[in-house]
Amino acid sequence: MPELPEVETVARGLHKRLAGDRIREVWIGPHKKLLQSPARQMERVLNGALIVAFRRVGKHIVGQLETAEGPAQWVIHLGMTGRCLVYDAAAEMEKHTHLVATMESGCEMRYVDPRRFGKLKVLTRGEFHAAGAEPLGADREKFYERFHRRKTPIKSALLNQTLLTGIGNIYADESLFRAGIRPRRRADRVTRAEYERLYDGIQQVLTEAIAAGGSSVSDYVGAEGERGFFQLQHRVYQRTGEPCLVCGAEIQRVVLGGRSSHYCPHCQR
DNA sequence: AGATCAACCTGTGAGC
DNA sequence: TGCTCACA
DNA sequence: GTTGATC
């Protein structure tokens with residue numbers, strides 16, 4: 001599942017391969033629900049656009065474009081199974097390919113998404129901004145202020161993208177493990193000291209995951225098809241029934257808001 | 001306000 | 001091999 | 001992964 005570290009990896013890969021290149025031709029598939037801008041507008045903006053840069057904003061990939069009409073932005077959300085891949089030549093078209101941008105250099109950027117939960121749009125005015133704060137380098141005090149009065153489970157708060165943007169199921173569980181906090185603890189019952197540990201845990205987990213190229217659970221791959229390897233360092237996520245790497249206790253699984261949560265009953269309180 | 005569940009989709013692996 | 005169920 | 005309805 002693409003969360004902040006995976007999206008960061010993809011954005012860096014796209015930037016490396018495509019910055020400075022120009023889109024020569026765009027093909028858009030029939031599933032219009034993926035589009036948050038009309039297909040016509042998407043084609044008009046992308047066709048002939050110079051790719052200035054790609055960057056990550058929360059879980060969004062933002063392509064900075066220069067078009068005949070002026071600057072524009074290409075905003076991509078990968079949903080659960082979206083992939084942005086750069087192909088060298090006209091490789092065989094993968095199943096579930098929904099958009100192909102052929103570059104002047106000859107390579108193609110393809111958006112592939114089996115479940116079609118992703119979203120694509122173009123903006124021709126204004127700067128794209130995510131609802132919540134970036135977790136990496138977030139202000140410690142603001143982080144505490146925004147969380148500590150909530151009655152919702154701490155894990156639900158971490159998944160709330162209007163508070164912090166970019167944390168998903170994997171990194172919420174892994175951060176809570178590092179902080180020693182159970183996912184169901186009410187956010188307003190988490191102590192100040194625990195919030196300090198949680199903040200540090202988030203920084204560490206995200207930084208390490210980015211360095212590892214993200215987590216390749218299910219079929220996540222980066223822009224050049226490379227797998228991440230942070231899944232090898234998961235301490236609780238999808239380790240239900242296995243021994244805790246710290247204390248040996250059995251990792252537990254509970255469902256919270258319809259999503260699996262994994263924790264060590266001994267290390268996390 | 002918060003919790004739960006369904007919806008949006010397809011693929012995969014487990015178990016019978 | 002095929003069906004169903006759980007899960008991402 | 002996100003959103004919207006309902007209790």
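Worth saying up front: this structure is predicted, and the values here are computed from it rather than measured. Every chain is numbered from 1 and lettered A, B, ... according to where its sequence line falls, protein lines coming before strand lines.
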A/D173 bridged to A/K155 by N-O distance under 4.0 Å: yes
Whether A/F117 stacks on the six-membered ring of D/dT2 base, 5.5 Å and 30° limits: no
side-chain N/O A/H96 vs B/dG11 OP1/OP2, d < 4.0 Å: yes
Distance in angstrom units between A/D188 CG and B/dA3 P, rounded: 10 Å
Main-chain N/O of A/G126 paired with A/Q73 side-chain donor or acceptor, under 3.5 Å: yes
Proximal nucleotide (of D/dG1, B/dG11, B/dC8) relative to the A/P114 side chain: B/dG11
Lys NZ or Arg CZ of A/R83 over A/Y220 ring: under 6.0 Å, within 45°: no
Interatomic distance where CE belongs to A/M80 and C1' belongs to B/dC8 [whole Å]: 11 Å
Sugar-phosphate only, base, or nothing, as touched by A/G168 at under 4.0 Å among non-hydrogen atoms: sugar-phosphate
hbond_proxy A/R115 side chain to C/dA8 base (donor-acceptor, 3.5 Å cutoff): yes
Sugar-phosphate only, base, or nothing, as touched by A/R149 at under 4.0 Å among non-hydrogen atoms: nothing
Interatomic distance, A/N160 CG vs D/dG1 C1' [rounded to whole Å]: 14 Å
Phosphate OP1/OP2 of B/dT10: any A/K95 side-chain N/O under 4.0 Å: no
Nearest-Å distance once atom P is located in both B/dG11 and D/dT2: 22 Å
Distance in angstrom units between A/Q161 CD and D/dT3 C1', rounded: 13 Å
Separation of A/D113 CG from A/L99 CG (nearest 0.5 Å): 11.5 Å
Same-atom distance (P) from C/dC5 to B/dA6, integer angstrom: 15 Å
Sugar-phosphate only, base, or nothing, as touched by A/N169 at under 4.0 Å among non-hydrogen atoms: sugar-phosphate
Atom-to-atom span, NE2 of A/H60 to C1' of D/dT2 - whole angstrom: 10 Å
Flag for A/S260-A/Y237: side-chain donor and acceptor within less than 3.5 Å: no
Distance in angstrom units between A/K33 NZ and B/dA7 P, rounded: 13 Å
Base B/dC9 paired with A/R116 side chain (donor-acceptor, <3.5 Å): no
Non-neighbouring partners of A/H31 that pass ring-ring contact (aromatic ring centres under 6.0 Å, His included), sequence neighbours left out: A/H98
Interatomic distance at P, B/dC8 relative to C/dC3, whole Å: 24 Å
D/dT2 OP1/OP2 closer than 4.0 Å to side-chain N/O of A/R259: no
Whole-Å distance separating the NZ atom of A/K121 from the C1' atom of D/dT2: 13 Å
Phosphate OP1/OP2 of D/dT2: any A/K59 side-chain N/O under 4.0 Å: yes
Phosphate OP1/OP2 of C/dA8: any A/S260 side-chain N/O under 4.0 Å: yes
Any A/T152 side-chain N or O less than 4.0 Å from OP1/OP2 of B/dA3: yes
Between C1' of D/dT2 and CD of A/Q36, the distance in whole Å: 10 Å
